[in-house]
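All values reported here derive from a predicted model rather than from experimental measurement.
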Amino acid sequence: MSQPPPVAGRFLRETVRHSAAPAAAVLVVSVLLAATELAVPAVFGRTLDLLVMGRHAQAGVWLALCVGLTTATVVLGALDGVVTAVGGAQTTARVRRRVLGHLLDSGPRAGERFAHGDLVARLVGNAAQAGTVPVALAALLAAAVTPLGALVALALTDVWTALVVLTGMPALALFLKVFARAFGDSGTRYLRAQGEIAGRLTEALRGIRTIAAAGTYERDAARVLAPLAEMSRQGHRLWRILGRSSAQSAVLLPLLQIAVLAVAGLRVTAGELSVGGLLTAWRYAVLATGTGALVGHVSALVRGRSAATRLGEVIDGPVTAYGPIAQLPPGSGALEFLGVTSRRANREVLSGIDLRLPGGTAVAVVGRSGSGKSALAALAGRLADPDTGTVLLDGVPLTSLSREALRRETGFAFERPALLGQTIGGTIAFGAYDPGEAAVVEAARAACADGFVRRLPNGYDTACADAPLSGGEAQRLGLARAFAHPGRLLVLDDATSSLDAVTELKVSRALLYGTGTRTCLIVAHRASTAARADLVVWLEDGAVRAVAPHARLWRLARYREVFAGEAVDAA
């Protein structure tokens, strides 16, 4: 087998190292099973010789031993199946936890590197295949005991028959090498096509309303299934590889076994080998040339290595590193951007941002689409890190804060909040800490969500799956979640876009006048929202155009163009 990429190699070694216990159990049981199987031909041959010579009293003991070995083989075979299944399941669970933990530590950047459906395919299907590697490796080592032990036992039984088997060993080794290389290449291509289909399917499901409205079912189905042709080609190639290997072994192995039988027969005719010795030699030749188990374990290793390569690509992504500071100094949430530049997909979305926002103020971030508003919001609460520059909260770089301190002091509300709690109350309480039932209700009232929540079948205990919500109601729950976890900085990334004007006004009042000393950074698309803020940061082409109150900026025609068609009560 060719060497896996460095990332996959490290991931494989880590997986094997942390699964040493189940792999060792598989190895021990498999070796015991192999030893039992190796003892069977010699015992059967001895029993046959005793029966032929008429020594029935001695043969009875050996017959009992044959029964015992057969029973032991059955029991060990069943136990081998159990420990293999359990070991594979334990390793798969560990792999999934490792990859999922890395993904969650990576934050939003993980979704930028891979399609969401592809990530699901890797985490579910590929993890299951990679999880078989430690037990498959142990089983392969144990499986090698059978042919090697059989060859040694055959040499002890009759050296001439052993020489016949040895002549075919190079061909068997070449056969396994070619099989592993071809199977691995095709398996990798198959998994890649499978992940691409999963990614396109998730994208289509996310835009199902658009597809339905456009009536493009057939076109989008064809787009999602476009990689299916490659997947089919590689699937058929895998079957051809397996079929060819079966055909090759079906020709080579019987020839070797017939040759052994012929030589053993001649040795019996010459009086140099007993009838029982012939049976023993024949059975050892079958065990020595049996490649079925080896092929199965090699194919499992090859599939696992291909899957580990795909998982290693995920693990290779950067994760968010946190600092040692567990507590911010006293302050009101002053936010600073010093020389901040941010790039996405090789495009500079923010360039040289130098900005200081006083603590305890409400700051609206405005600008045309693509000006960098969401990028600035993400940097403010460290959902992303700048490529250059530093972001500080009350004089402390965000990168110096511990995870707990950062998430305790910063909060977010988004345009399309994810309802991650099991119940409506749980989704409001979802966060770095549980704010308590009273705080949940108070936050829901501030976000104008308490009324519709109480009308649900079980109120705050209603399961999220049983509560169909409009876009505005979902946004109010997202705002309530942010209100329930007060810190020094609250970032609203277009979090009121689905609210009607009256509700937005009520929420804005709660936001601006009921937050104490918290700083609010609001990505605003409405002039009315900007007008209620203390300051406005006006972005244009990734740079700060101006920082001033909305009323002063409104005098500029170019600023008014940002809110095209919305001039009512703007000033």
Side-chain angles (χ1 to χ4, degrees), residues 97 100-108 110 319-335 359-360 377-385 391-414 416-450 453 458-464 467 474-493 495 507 510-511 514-522:
R97 284 194 297 269
L100 179 60
H102 185 93
L103 280 174
L104 296 179
D105 279 344
S106 299
V319 297
T320 302
Y322 296 91
I325 299 178
Q327 184 69 46
L328 279 172
S332 57
L335 186 64
L379 294 176
R382 209 190 170 200
L383 288 184
D385 286 325
V391 182
L392 303 96
L393 183 61
D394 281 328
V396 178
L398 294 184
T399 53
S400 298
L401 292 175
S402 67
R403 184 201 300 268
E404 294 74 16
L406 176 67
R407 294 305 158 213
R408 185 176 60 248
E409 298 292 354
T410 62
F412 275 88
F414 302 102
R416 291 183 292 274
L419 306 182
L420 298 177
Q422 294 185 349
T423 64
I424 295 298
T427 201
I428 297 175
F430 188 87
Y433 59 91
D434 187 349
E437 184 176 345
V440 165
V441 174
E442 183 181 350
R445 288 173 181 160
C448 299
D450 181 69
V453 170
N458 296 308
Y460 285 90
D461 293 327
T462 302
C464 292
Q475 279 198 344
R476 280 183 271 175
L477 290 181
L479 288 164
R481 178 191 297 160
F483 290 163
H485 300 85
R488 300 195 190 190
L489 174 67
L490 174 60
V491 181
L492 273 61
D493 189 355
V507 170
L511 177 68
T515 57
T517 58
R518 177 161 59 177
T519 300
C520 297
L521 190 69
I522 309 164

Can you see which heavy atom on Ala439 is nearest to which on Ala484, and at what distance? O-CB, 4.4 Å
Using modelled atom types only, decide if a donor and an acceptor are shared between the side chain of Arg481 and the backbone of Thr427 within a distance under 3.5 Å. yes
With no hydrogens and no angle check, is any side-chain donor or acceptor of Arg408 less than 3.5 Å from a backbone partner on Ala326? yes
I need the minimum non-hydrogen distance between Ile428 and Ala444, along with the two atoms involved. CD1-CB, 4.1 Å
Run Val396 and Leu401 through side-chain contact (heavy atoms from CB on, under 4.5 Å) and show every step you take. CA-CA 8 Å; Val396 178; Leu401 292 175; 4.0 Å; yes
Within-4.5 Å side-chain heavy-atom neighbours: Gln422 and Cys464: no
Using the side-chain contact (heavy atoms from CB on, under 4.5 Å) rule, take Leu492 and Leu479 through it: C-alpha gap first, then chi angles, then the decisive distance, then the call. CA-CA 8 Å; Leu492 273 61; Leu479 288 164; 3.7 Å; yes
For Asp493, enumerate each residue passing the salt bridge (Lys or Arg N to Asp or Glu O under 4.0 Å) test, keeping only those at least two apart in sequence or located in another chain. none
So which heavy atom on Gly478 is nearest to which on Ala413, and how close? O-CB, 4.0 Å
Grab the two heavy atoms, one from Asp434 and one from Ala429, that are nearest each other, plus how far apart they are. OD1-CB, 3.9 Å
Donor-acceptor pair, His485 side chain versus Tyr433 backbone, under 3.5 Å? yes
How close do Thr462 and Ala467 get, counting heavy atoms only, and between which atoms? CG2-CB, 4.1 Å
Closest non-hydrogen atoms of Ala405 and Ile325, given as atom of the first, atom of the second and distance, are CB-O, 3.7 Å
Thr519 versus Arg488: any side-chain heavy-atom pair under 4.5 Å? no
So do Val440 and Pro435 actually touch side chain to side chain, heavy atoms under 4.5 Å? yes
Residue pair Thr410 / Val491, side-chain heavy-atom distance below 4.5 Å: no
Validation row: Phe430, Leu419 side chains within 4.5 angstrom (heavy atoms): no
Are Phe483 and Leu490 close enough that some pair of their side-chain heavy atoms sits under 4.5 Å apart? yes
Start with the C-alpha gap between Val453 and Leu477, add the side-chain angles, then the distance that decides, and say whether side-chain contact (heavy atoms from CB on, under 4.5 Å) holds. CA-CA 9 Å; Val453 170; Leu477 290 181; 4.1 Å; yes
Would you please test Tyr322 and Leu406 for side-chain contact (heavy atoms from CB on, under 4.5 Å) and show each step? CA-CA 9 Å; Tyr322 296 91; Leu406 176 67; 3.8 Å; yes
Side chains of Leu335 and Leu392: closer than 4.5 Å at any heavy-atom pair? no
Return the CZ to CG distance between Phe412 and Leu383, rounded to the nearest 0.5 Å. 3.5 Å
Does Arg403 have any salt bridge (Lys or Arg N to Asp or Glu O under 4.0 Å) partners at least two apart in sequence or in another chain, and if so, which? Asp105
Looking at CG of Leu393 and OG of Ser400, how far apart are the two atoms once the value is rounded to the nearest 0.5 Å? 11.5 Å
CD on Glu409 to CZ on Arg518, rounded to 0.5 Å: 10.5 Å
Min side-chain heavy-atom separation Val391-Arg382 under 4.5 Å: no
